[in-house]
Amino acid sequence: MNFSVLSSQFWSLCLSGLSLGLIYVLISLGYTMVYGVLRLINFANSEIFMVGTFATVWVETGLTGHTNDSQPLHGFQLIWTLGLALVIAMVASGITAVAVEFLAYRRLRARGTNRLASLISAIGMSIVLSESARILSHSRPQASPRLLEKTSFGEVAGANFRIDTVLVIISALVMFFILDRFVNKSRLGKAIRAVSMSEENSKLMGINLNRVISITFLIGGLMTGAASFFFMTVYETTKFNVGFSLGLAAFTAAVLGGIGNLRGAFFGGIALGLLETMSAAVLGSQWKSVTVFVVLVLVLLVRPNGIFGEAIQQTRV
């Protein structure tokens with residue numbers, strides 16, 4: 001154990017933990033949105049994240065023709081390439097999420113099957129997506145070229161404000177704010193909240209359940225796709241099972257904050273990102289996954305409803 005690193009690199013670790021935590025926040029929204037409406041865990045969300053990372057690599061290498069030896073881009077070309085990668089990653093993950101809803105949930109829901117059948121179906125979709133990616137990639141890691149030169153804006157109290165870290169933090173905060181306003185203020189957001197409270201009463205009010213549920217999956221997929229783009233921007237490599245550890249961490253963040261609660265997912269993701277970064281610095285990077293499991297078990301034992309558990313019964317999303 002090396003506790004001295006906390007005092008010497010505290011603010012640097014906080015910045016890294018905030019960046020990682022906000023990636024967890026965006027992924028956990030995929031779990032939170034679906035649970036808020038269906039009261040089910042979308043176990044395929046980790047593979048939806050994986051699809052987004054592969055889509056990012058495809059845009060940056062296959063579509064735009066860059067290689068790992070390419071020089072970093074600048075100006076309009078950089079903005080265009082990164083913007084295109086972000087949009088396609090979000091669209092790919094969003095479409096995959098809607099497909100998962102249609103194949104794994106809708107028909108079972110129409111037949112009135114129990115929740116266990118839906119969970120097993122979602123796990124099956126997760127395996128299908130993961131194994132398909134493994135076969136197509138020949139089990140090899142996929143790297144994206146460094147198109148964004150990772151320059152620094154400067155240091156404050158030892159924290160290096162690198163451009164990719166700042167991009168993740170600002171963009172994720174903006175996306176979460178937009179989603180939060182959308183769910184709480186828009187007509188469709190009110191429909192989503194109505195379905196989360198009572199499906200039967202929503203039907204009586206004329207709300208199209210299938211449409212609202214599909215849109216909920218789509219929104220969760222879009223946020224997960226954005227997380228995959230930011231992950232590739234910072235870490236630059238992916239593989240067919242990349243979603244397992246990140247999906248587990250994002251699920252833990254959702255449970256920590258109070259699954260089904262958007263703002264709970266936000267604070268849970270940041271808290272877990274900071275805790276994981278700090279523990280890795282003190283104990284070693286090999287303990288990161290252990291930290292996630294320990295947090296998950298402790299939350300389920302001590303406070304199963306999460307930090308914001310009281311608010312879940314009032315508004316699931």
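Numbers for residues simply follow the sequence, beginning at 1.
- Not one N or O on the side chain of R146 forms a donor-acceptor pair closer than 3.5 Å with the backbone of P72.
- For N184 (side chain) and D180 (main-chain N/O), a donor-acceptor pair under 3.5 Å exists by modelled atom type.
- The closest donor-acceptor contact from the side chain of S16 to the backbone of S12 lies under 3.5 Å.
- Considering only heavy atoms from C-beta on, L129 comes within 4.5 Å of V100 through its side chain.
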Go through the steps for R162 and E149 under the test salt bridge (charged side-chain N to carboxylate O under 4.0 Å, His left out), then give the verdict. CA-CA 10 Å; R162 211 171 62 182; E149 188 174 6; over 6 Å; no
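- Here Y35 and Y31 keep their ring centres 6.0 angstrom or further from each other.
- Put simply, the side chain of V282 does not reach to within 4.5 Å of the side chain of M278, judged on heavy atoms.
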Candidate pair Q142 and T237, rule side-chain contact (heavy atoms from CB on, under 4.5 Å), full reasoning: CA-CA 6 Å; Q142 304 294 309; T237 185; over 6 Å; no
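- Legend: side chain to side chain donor-acceptor pair (under 3.5 Å) pairs involving residues 207-219, not counting sequence neighbours, sorted by first then second residue: E101-S214, R106-S214, R109-N210.
- For R107, the CZ atom sits in a loose shell: 12 or fewer heavy atoms of surrounding residues, nucleotides or ligands are nearer than 6.0 Å.
- Between the side chain of R263 and the backbone N or O of G257, no donor-acceptor pair lies under 3.5 Å.
- A distance-only check finds no donor-acceptor pair linking the side chain of S202 to the backbone of I207 [under 3.5 Å].
- Here the CG atom belonging to L15 is positioned 11.5 Å from the CG atom belonging to L20, to the nearest 0.5 angstrom.
- Side-chain contact check for V37 versus F217: every heavy-atom pair is 4.5 Å or farther apart.
- Residues M175 and L222 fail the side-chain proximity criterion, which asks for heavy atoms closer than 4.5 Å.
- Between L78 and L147 the shortest heavy-atom distance is CD1-O, 3.4 Å.
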Can you give me every donor-acceptor pair (side chain of residues 44-56, partner residue at least two apart or in another chain, under 3.5 Å) with its distance?
unit_1: N45; atom_1: OD1; unit_2: T224; atom_2: OG1; d: 3.3
unit_1: N45; atom_1: ND2; unit_2: I27; atom_2: O; d: 3.0
unit_1: E47; atom_1: OE1; unit_2: S126; atom_2: OG; d: 2.4
unit_1: T53; atom_1: OG1; unit_2: M50; atom_2: O; d: 2.6
unit_1: T53; atom_1: OG1; unit_2: T238; atom_2: OG1; d: 2.8
unit_1: T56; atom_1: OG1; unit_2: G52; atom_2: O; d: 2.9

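- Residues passing the side chain to side chain donor-acceptor pair (under 3.5 Å) test with T96: none are found, sequence neighbours excluded.
- Although no hydrogens or angles enter the test, the distance criterion places a donor-acceptor pair under 3.5 Å between the side chain of S279 and the main chain of E276.
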If you apply the rule side-chain contact (heavy atoms from CB on, under 4.5 Å), what do you find for L262 with M33, and how did you get there? CA-CA 8 Å; L262 284 184; M33 294 290 292; 3.7 Å; yes
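- For the side chain to side chain contact (heavy atoms under 4.5 Å, CB included) with F266, the lone residue among L22, L26, L29 that qualifies is L22.
- In this structure, Y235 and F231 have tilted ring planes: the angle between them lies in the 30° to 60° band.
- Without hydrogens or angle criteria, S121 side chain to S118 main chain gives no donor-acceptor distance under 3.5 Å.
- Heavy-atom contacts from other residues, nucleotides or ligands closer than 6.0 Å to CZ of F102 number 12 or fewer.
- By the 4.5 Å heavy-atom criterion applied to side chains, S144 and H66 are not counted as neighbours.
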Kindly determine whether F230 and V234 satisfy side-chain contact (heavy atoms from CB on, under 4.5 Å), including the steps that lead there. CA-CA 6 Å; F230 295 132; V234 176; 5.6 Å; no
Checking I192 against I219 for the side-chain contact (heavy atoms from CB on, under 4.5 Å) test, could you report, in this order, the C-alpha distance in whole Å, the side-chain angles of both residues, the deciding distance, and whether it holds? CA-CA 11 Å; I192 293 174; I219 294 173; 4.1 Å; yes
